Number of protein chains: 2
Amino acid sequence: MTVLTGPPRTFSVSEVAVDSGVAPSAVRFYDTHGVINAVRTAGNQRRFDSSAACRIQVAKLAQRAGLSVREIAALFADLSADPTPDEWADVARRLVTEVEERVRDLKAQLAAMESGTRLCEIGRDDPAR
Amino acid sequence: MTVLTGPPRTFSVSEVAVDSGVAPSAVRFYDTHGVINAVRTAGNQRRFDSSAACRIQVAKLAQRAGLSVREIAALFADLSADPTPDEWADVARRLVTEVEERVRDLKAQLAAMESGTRLCEIGRDDPAR
DNA sequence: GTGCAGGTTCAACATATGTTGAAGTCAAGT
DNA sequence: ACTTGACTTCAACATATGTTGAACCTGCAC
């Protein structure tokens, strides 16, 4: 069911900027690159739903964890306006899967370094010295 | 103690490139930016120790996990030539601490999204509607 | 309906992370 | 000593991620 709720509030670029903690120019950038989605007023101004600031907050943290804006936009692509917790859960699952894989790969390489077994130096074949 | 070992082998740019799986231009780039350290021959050519390829392999994975080249160079700064497993362990500890923090931050934000509690929309104070 | 804070686009700039090409030098085998 | 492939630096290019400024347009409060 859908709870009765007034006409959904919209947000201007600078409102989303404040709510998400990035510069207005960055909000426009994320719109251009599909991280958030704007509708336009009759006068061509962007209006965002309330999920825009949330998306940007997640996107910034995902970037810090190694994902590109393009990758993040792709992950957000099947998120509706004002996404449900379920939709977020689905995005979260894929996002976490991806970053954990990257961390796993890094850890595995580091473990090889620590083991001192020269696993990474396969190329350096010593026998001929 | 130090095990008896011959004069340590050195590697050219293209050897390190092959051993680490990146382009020669990237090897020079990583040298310029302090991820690896070259000594120079009498004729000004770079020569690397056997750890160079390892460092690059770790660096590439660290980049995928969100660290910048500058950050990686800083972490590698107190790594000696041909680092011991202990030195790698120390670098690994700091590296993993950093990436896990980033993943933790991302997960925390995602958990807030999934909870549907509008934690991220603090800015959107509803009372006036 | 006027004023003006804030919106629009576009181009230029800035930084990070490399790649490519030119012009010249080195090293290693013969 | 020559040759030749690999090395050097430097500048230009390329892509990603934004920021800034100019020139112009909107929305809203008065």
Side-chain angles (χ1 to χ4, degrees), chain A residues 7 9-49 52-53 55-76 98 102 123 128, chain B residues 9-49 52-53 55-76 98 102 123 128-129:
Chain A
R9 225 207 110 163
T10 65
F11 298 81
S12 69
V13 164
S14 61
E15 284 173 328
V16 171
V18 168
D19 290 359
S20 63
V22 305
S25 63
V27 173
R28 295 195 185 90
F29 180 86
Y30 287 133
D31 179 28
T32 303
H33 291 76
V35 171
I36 55 181
N37 300 115
V39 295
R40 299 290 183 136
T41 66
N44 197 37
Q45 297 195 353
R46 291 171 180 85
R47 290 296 180 266
F48 300 96
D49 59 80
R55 287 175 181 233
I56 291 178
Q57 285 175 30
V58 171
K60 290 308 285 181
L61 294 171
Q63 280 183 276
R64 260 183 78 75
L67 277 79
S68 68
V69 165
R70 184 180 299 276
E71 288 168 330
I72 293 163
L75 277 170
F76 283 3
E98 179 60 34
R102 297 182 186 199
Chain B
R9 221 205 112 166
T10 64
F11 298 81
S12 69
V13 165
S14 61
E15 284 171 328
V16 171
V18 168
D19 290 358
S20 63
V22 305
S25 62
V27 173
R28 296 194 184 91
F29 179 85
Y30 287 133
D31 178 28
T32 302
H33 291 75
V35 171
I36 55 180
N37 300 115
V39 295
R40 297 290 183 138
T41 67
N44 197 36
Q45 296 194 357
R46 291 173 181 85
R47 289 298 179 265
F48 299 95
D49 60 79
R55 287 175 179 233
I56 292 177
Q57 285 174 31
V58 171
K60 290 307 286 182
L61 295 170
Q63 280 183 275
R64 261 181 78 75
L67 277 78
S68 69
V69 165
R70 184 180 300 276
E71 288 168 330
I72 293 162
L75 277 171
F76 283 3
E98 179 61 34
R102 296 182 186 199
R129 198 193 66 214

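In the text below, chain A, chain B and the rest are named by the order of the sequence lines, each starting its count at 1. Bear in mind the structure is a predicted one, so any value in this text is a computation, not a measurement.
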statement: dist B:Q63:CD -> A:R102:CZ (nearest 0.5 Å) comes out at 11.5 Å
message: The criterion is side chain to side chain donor-acceptor pair (under 3.5 Å); which residues satisfy it with B:R47, sequence neighbours excluded?
response: B:Q45
message: Quick check against the 3.5 Å criterion: does A:Q57 have a side-chain atom that pairs as donor or acceptor with the backbone of A:G21?
response: no
- prompt: With side chains defined as the heavy atoms from C-beta onward, is the minimum distance between A:Y30 and A:V16 less than 4.5 Å?
  reply: no
Polar atoms only, N or O, under 3.5 Å: list the protein pairs with nucleotides 22-30 of chain C and their distances.
residue : atom : partner : partner atom : Å
C:dA27  : OP1  : B:T41   : OG1          : 3.4

- prompt: Quick one, which residues of residues 27-39 of chain A touch DNA chain C with a heavy atom under 4.0 Å?
  reply: A:R28
B:E15 bridged to B:R46 by N-O distance under 4.0 Å: no
- prompt: Is there side-chain contact between B:F48 and B:V27, with heavy atoms separated by less than 4.5 Å?
  reply: yes
task: Round to the nearest Å and state the distance from A:I56 atom CD1 to D:dT17 atom C1'.
output: 14 Å
message: Using a heavy-atom cut-off of 4.0 Å across all strands, would you classify A:S14 as base, sugar-phosphate, or nothing?
response: sugar-phosphate
task: Would you check if A:V13 and A:D31 make a side-chain contact, meaning some heavy-atom pair closer than 4.5 Å?
output: no
task: Establish, with yes or no, whether the OP1 or OP2 oxygen of C:dT17 is under 4.0 angstrom from a side-chain nitrogen or oxygen of B:K60.
output: no
query: Rounding to a whole Å, what distance do you find between A:R64:CZ and D:dT17:C1'?
result: 16 Å
task: Figure out the CZ/P separation between A:R40 and C:dG7, and round it to whole Å.
output: 12 Å
side-chain N/O B:Q63 vs C:dA16 OP1/OP2, d < 4.0 Å: no
task: Check whether any side-chain N or O of A:R46 sits under 4.0 Å from OP1 or OP2 of C:dT8, and answer yes or no.
output: yes
message: Distance check, rounded to the nearest 0.5 Å: A:I72 atom CD1 versus A:I56 atom CD1?
response: 11.0 Å
- request: Grab the CD-P distance between A:E15 and C:dG6 for me, whole Å please.
  value: 11 Å
- line: Here the distance between atom C1' of C:dA14 and atom CZ of B:R70, to the nearest Å, is 14 Å
Check: A:R55 and A:N37 side chains under 4.5 Å, non-hydrogen atoms: yes
statement: Considering only heavy side-chain atoms of A:V13, the closest of D:dT17, D:dT8, C:dG7 is C:dG7
